[in-house]
Amino acid sequence: MPDRQSSPEPSKVATSLSDKSSDISDSKGEMPESPKDPKFTQEAGKRKRNRIMYALLAVGLIVVTAMTLLGFRLQQVVSDKFTGQLWQLPSVVYARELILQPGAKVRYEEVLNELKQLKYQPVDAPSRSGEYKASRLKLEFIRRPFTFKEGKEDERHVVVEFDYSVVKRISEWVERGGKKELKQLGIIRIEPKMLGMLESQTTEQRIYLPKDQMPSALIDALITTEDRDFYQHDGVSIVAIGRAFIANVKAGRTVQGGSTLTQQLAKNLFLSSERSLWRKIKEAYMALIIDHNYDKDQILDAYLNQVYLAQSGKQSIHGFAMGARFYFGRPLSELRVDQQAMLVGLVKGPSYYNPWRYPERATARRNLVLRMMHDNQMIDSASYERAIQRPLDVQEKGQLSRRQPAYFDQLRRELTEEVGDKFESGKGLRLFTTLDPLSQEKAEEAVRATMPKMAKKAGANIENAIVIADRNTGEVRAMVGGSKPGYAGFNRAIDAKRQIGSVVKPAIYLAALSQPERFSLATSLEDKPLKLTGERGETWSPRNYDRQYRGAVPLYLALAKSYNIPTVNLGMAVGLDDVIDTMAKLGVDRKEIPPLPSMLLGAFTLTPFEVTQMYQTIASGGRKAQLKALSAVVTNDGDVLFQQLPVASQVVPEQAAWLTMYGLKKAVTEGTARYLNGQLPSSRLAGKTGTSDKGRDSWYVGIDGREVVTVWMGKDDNSNSNLTGSSGALRLYTDYILRRDPEPLVQQQPSGISTFDYQRNQNGTYSQRCLGQDHFPAWDPNGTLKVTCVKKVQRFFQNLFDW
């Protein structure tokens with residue numbers, strides 16, 4: 001049997017253990033250290049520290065790499081912004097400029113109103129731009145510096161004297177030999193009113209103004225209150241952060257910020273208002289980049305034009321130049337030191353220090369800024385005391401200007417037609433227009449005052465439109481597109497095509513009077529029942545508005561009283577083709593006129609804008625000037641992209657237009673518009689009422705020495721308005737012209753026009769008589785009327801002597 005495996009002998013076990021011990025001993029034959037041995041612990045700690053150090057180095061390397069990459073990205077963002085155009089700048093829109101020269105028919109009251117519109121300040125003795133002194137028939141003012149479309153002009157201290165309704169003399173204060181004296185001037189231009197902005201692709205509104213054109217007191221106050229170490233730090237101020245931290249700890253709340261102007265600029269240009277550490281890191285980083293790459297004046301220039309100062313609806317107000325317009329309605333250069341201090345105070349929080357909602361807060365903040373200016377010896381004690389006692393003097397409500405949405409609609413259309421692709425939104429272009437601020441203001445006031453009264457007669461949904469153009473140049477002076485002038489929407493002035501009714505009639509009478517051998521103001525027209533039959537056998541029986549028939553009436557009276565049947569008879573006698581030709585010459589699109597007898601009573605549609613064009617041609621003596629709202633487009637660098645001067649051409653005989661205007665004056669003195677003469681007797685105005693079929697449209701076109709004004713009234717659904725031209729549109733025009741103060745309509749009698757005597761017959765018509773009791777002007781190019789009369793006189797004396 002095999003033997004069992006036996007256990008090792010004790011001696012061999014000992015030997016084995018001894019061998020193993022020697023195997024694990026060190027070279028010196030020492031035993032290894034115990035884990036609890038201090039030396040072992042030290043080595044382990046060292047290894048741990050190394051691992052942490054390597055980890056930190058790795059993290060640091062990652063952070064440095066990330067920050068470097070972030071820096072490159074932020075550097076690119078900053079560089080792209082600062083080397084290109086910093087902001088989307090909206091196009092600034094200006095009204096027409098008022099030009100004064102000796103002999104010009106401009107009244108004292110008009111220029112005074114212009115200065116008030118432009119927010120010139122009345123003073124005892126003008127000493128700075130934007131100030132004026134008014135005395136009887138004399139105005140002294142310092143015209144603001146302004147960059148007109150032809151170039152920049154400095155401020156000018158002028159005196160304008162008036163002789164009733166004309167400019168008598170213009171003088172300028174100049175310095176010669178250390179003394180001031182008056183020098184005669186041939187012309188002076190008053191800067192145009194800023195109407196507002198033509199919207200760009202951004203909601204930010206600003207007027208760029210270079211730092212060197214801003215008041216030094218405002219800049220010093222800003223630096224003192226917001227970043228006193230601006231010129232010392234590198235974009236981020238550790239001192240300011242520490243100072244703010246201490247102030248906030250003492251107050252137990254946030255009362256002071258540590259951000260520099262450069263940091264605020266970085267946040268406003270590139271970042272959101274999110275409160276987070278990451279945003280603050282990026283803000284500080286960008287501030288360092290901005291400060292490293294650009295000098296302090298460049299940074300300050302950007303800040304002064306970027307700073308957020310208010311919210312106006314969807315539009316945010318940026319920059320001190322725009323802020324001055326928004327809060328005070330005046331250029332920044334004209335603000336008093338207390339007004340500048342208020343703007344600086346708003347930087348801390350425009351909503352919190354809103355001067356209309358929280359005037360006490362705004363005043364306290366303004367006064368704090370003034371005190372800091374005083375403490376830093378920027379203003380003396382007397383100036384400080386005066387400044388803190390002043391009211392805020394902000395305008396009634398925050399606005400850049402009154403909105404003229406209807407006018408701006410026309411402006412955009414002309415920009416598309418005339419400028420096209422050369423017009424670039426967001427480039428800060430300057431648009432010069434033909435708008436007259438006073439006419440626009442008075443038209444809007446008239447609408448607000450009259451339309452509620454009309455609503456009681458015609459219903460709450462009654463609407464209106466007004467187009468006002470210069471009588472001679474065709475320049476559009478004002479426009480209202482509806483019963484709420486300041487609100488954008490359907491622009492009835494240029495988009496509402498409505499039946500024009502009797503406002504068509506002057507074109508018919510002008511066509512007749514252009515044939516002097518056949519027609520004159522005294523020509524008798526039949527007024528009795530009429531039936532016209534068309535080519536297809538259809539009949540048309542027009543009637544007079546009052547359903548009366550007078551047998552026969554003189555031509556001028558048929559126009560003045562707007563009789564329908566005499567007008568149709570006249571138009572048919574002239575010929576539809578000739579009437580349509582005349583309308584086309586006056587500016588009406590031929591395609592809009594149906595070649596039917598009913599068009600003689602206005603049974604076709606035109607817009608108020610188109611009607612105004614027709615009447616402008618008549619009112620200017622037959623010289624058509626295309627209606628235009630846009631005068632010039634100029635770039636920020638002064639390059640003129642587009643400019644047009646008023647151009648008129650003679651399209652119908654001057655004599656015929658003059659005689660037609662004679663009839664339209666009679667419409668005011670004894671015809672359908674005599675209500676106006678009752679309000680303004682001896683005003684020498686002309687006009688024409690119009691009412692379309694079933695009272696759907698009420699029209700009035702009024703003409704004074706200055707303007708042609710077309711007023712329409714009606715309902716968008718084309719239902720009956722229960723208004724005639726006399727009871728509706730004429731009332732709105734009367735309200736307007738009473739506010740605007742009309743210029744008498746004085747037209748020079750053209751050559752070929754002479755006055756002749758007429759005898760009134762029993763039936764109301766007139767016959768020419770050499771010694772008649774009534775007198776009418778007539779165009780007698782061939783001397784027919786004059787010769788007839790002379791022959792009759794000769795025959796009378798011949799018979800006398802023969803007897």
Side-chain angles (χ1 to χ4, degrees), residues 95 109-110 113-114 116-117 193 195 401-408 410 435-471 476-494 496 498 503 608-609 611-612 615 668 673-680 683 685-690 697-715 721 723-743 745:
E109 293 81 9
E110 287 184 65
N113 284 331
E114 186 83 8
K116 291 178 179 178
Q117 283 273 335
K193 180 181 180 180
L195 300 178
S401 63
R402 292 183 181 274
R403 298 184 66 220
Q404 298 93 19
Y407 195 91
F408 274 40
Q410 177 63 22
L435 183 138
D436 185 319
L438 189 59
S439 293
Q440 181 71 36
E441 178 186 16
K442 299 307 179 186
E444 293 180 7
E445 288 178 0
V447 167
R448 294 189 182 98
T450 303
M451 291 310 292
K453 301 174 186 175
M454 293 294 109
K456 293 179 180 178
K457 295 181 182 179
N461 59 341
I462 189 70
E463 280 293 348
N464 71 275
I466 300 176
V467 178
I468 302 175
D470 186 279
R471 181 172 68 88
V476 182
R477 297 305 188 199
M479 190 179 290
V480 177
S483 58
K484 296 180 179 178
Y487 292 88
F490 181 53
N491 189 351
R492 297 163 186 84
I494 55 180
R498 306 292 297 224
V503 293
F609 192 84
V611 170
T612 307
Y615 274 80
V668 173
R674 58 187 177 277
Y675 169 82
L676 177 61
N677 198 56
Q679 302 297 309
L680 286 164
S683 58
L685 303 177
K688 182 70 187 76
T689 57
D697 303 279
S698 169
W699 292 87
Y700 185 74
V701 183
I703 305 166
D704 72 336
R706 182 191 303 113
E707 299 168 333
V708 174
V709 182
T710 298
V711 179
W712 168 84
M713 226 177 260
K715 296 182 179 181
S721 68
L723 296 172
T724 64
S726 298
S727 65
L730 175 59
R731 305 307 169 102
L732 179 51
Y733 174 79
T734 304
D735 190 303
Y736 165 74
I737 204 66
L738 285 169
R739 296 172 187 271
R740 185 63 177 89
D741 194 6
E743 181 179 310
L745 178 58

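Treat the numbers as computed from the prediction; the structure is a model and nothing was measured. Starting from 1, each residue takes its place in the sequence as its number.
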Which residues pass the side-chain contact (heavy atoms from CB on, under 4.5 Å) test with [X], sequence neighbours left out?
X: D741; result: R107
X: K457; result: M454, L723
X: E463; result: S483, R492, W712, D716
X: A469; result: T612, L627

Rounded to the nearest 0.5 Å, what's the gap from [atom1] on [X] to [atom2] on [Y]? Could you check?
X: K484; Y: E444; atom1: NZ; atom2: CD; answer: 14.5 Å
X: E743; Y: D704; atom1: CD; atom2: CG; answer: 6.5 Å
X: L676; Y: S683; atom1: CG; atom2: OG; answer: 5.5 Å
X: L738; Y: E445; atom1: CG; atom2: CD; answer: 12.5 Å
X: T689; Y: Y675; atom1: OG1; atom2: OH; answer: 14.5 Å

**Report entry** For R471, all residues meeting salt bridge (charged side-chain N to carboxylate O under 4.0 Å, His left out), sequence neighbours excluded
**Finding:** none
Any non-hydrogen side-chain atom of [X] less than 4.5 Å from a side-chain atom of [Y]?
X: L438; Y: E114; result: no
X: R448; Y: P485; result: yes
X: M713; Y: Y700; result: no
X: M479; Y: I466; result: no
X: T724; Y: S727; result: yes

Report task. Evaluate the criterion side chain to side chain contact (heavy atoms under 4.5 Å, CB included) for residue pair L680 and L685; output intermediate values, then yes/no. Result -> CA-CA 9 Å; L680 286 164; L685 303 177; 4.1 Å; yes
Report task. For V709 and V701, run side chain to side chain contact (heavy atoms under 4.5 Å, CB included): C-alpha distance rounded to whole Å, both residues' side-chain angles, the deciding distance at 0.1 Å, then the answer. Result -> CA-CA 5 Å; V709 182; V701 183; over 6 Å; no
So does [Y] get a backbone contact from the side chain of [X], meaning a donor-acceptor N/O pair under 3.5 Å?
X: Y407; Y: V476; answer: yes
X: Y615; Y: V503; answer: yes
X: Q410; Y: I494; answer: no

Query raised in the report: Only one of R740, K442, K193, Q117 forms a side-chain hydrogen bond (donor to acceptor under 3.5 Å, both in side chains) with D436, so which one is it?
Result: R740
Which heavy atom of [X] sits nearest to which heavy atom of [Y], and what is that distance?
X: N461; Y: A458; value: OD1-O, 4.4 Å
X: S721; Y: G714; value: CB-CA, 4.5 Å
X: G687; Y: V668; value: N-CG2, 3.6 Å
X: P437; Y: A95; value: CG-CB, 3.8 Å
X: P608; Y: A496; value: CD-O, 3.5 Å
X: A406; Y: G481; value: CB-N, 3.5 Å

Report task. Using the side chain to side chain contact (heavy atoms under 4.5 Å, CB included) rule, take Q440 and Q404 through it: C-alpha gap first, then chi angles, then the decisive distance, then the call. Result -> CA-CA 8 Å; Q440 181 71 36; Q404 298 93 19; 3.7 Å; yes
Side-chain donor-acceptor pairs under 3.5 Å in residues 730-737, sequence neighbours left out?
unit_1, atom_1, unit_2, atom_2, d
R731, NE, S726, O, 3.0
T734, OG1, L730, O, 2.8
D735, OD1, R739, NE, 2.4
D735, OD1, R739, NH2, 3.4
D735, OD2, T450, OG1, 3.2
Y736, OH, S439, OG, 3.4
Y736, OH, E707, OE1, 2.7

Requested in this report: Applying side chain to side chain contact (heavy atoms under 4.5 Å, CB included), run through T710 and W699 and close with a yes or a no.
Outcome: CA-CA 7 Å; T710 298; W699 292 87; 3.9 Å; yes
**Report entry** More than 12 heavy atoms from other groups under 6.0 Å of NZ on K116
**Finding:** no
Requested in this report: Tell me, yes or no, whether the heavy-atom count around F490 atom CZ, taken from other residues, nucleotides or ligands under 6.0 Å, exceeds 12.
Outcome: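 For F490, atom CZ is crowded (more than 12 foreign heavy atoms under 6.0 Å).
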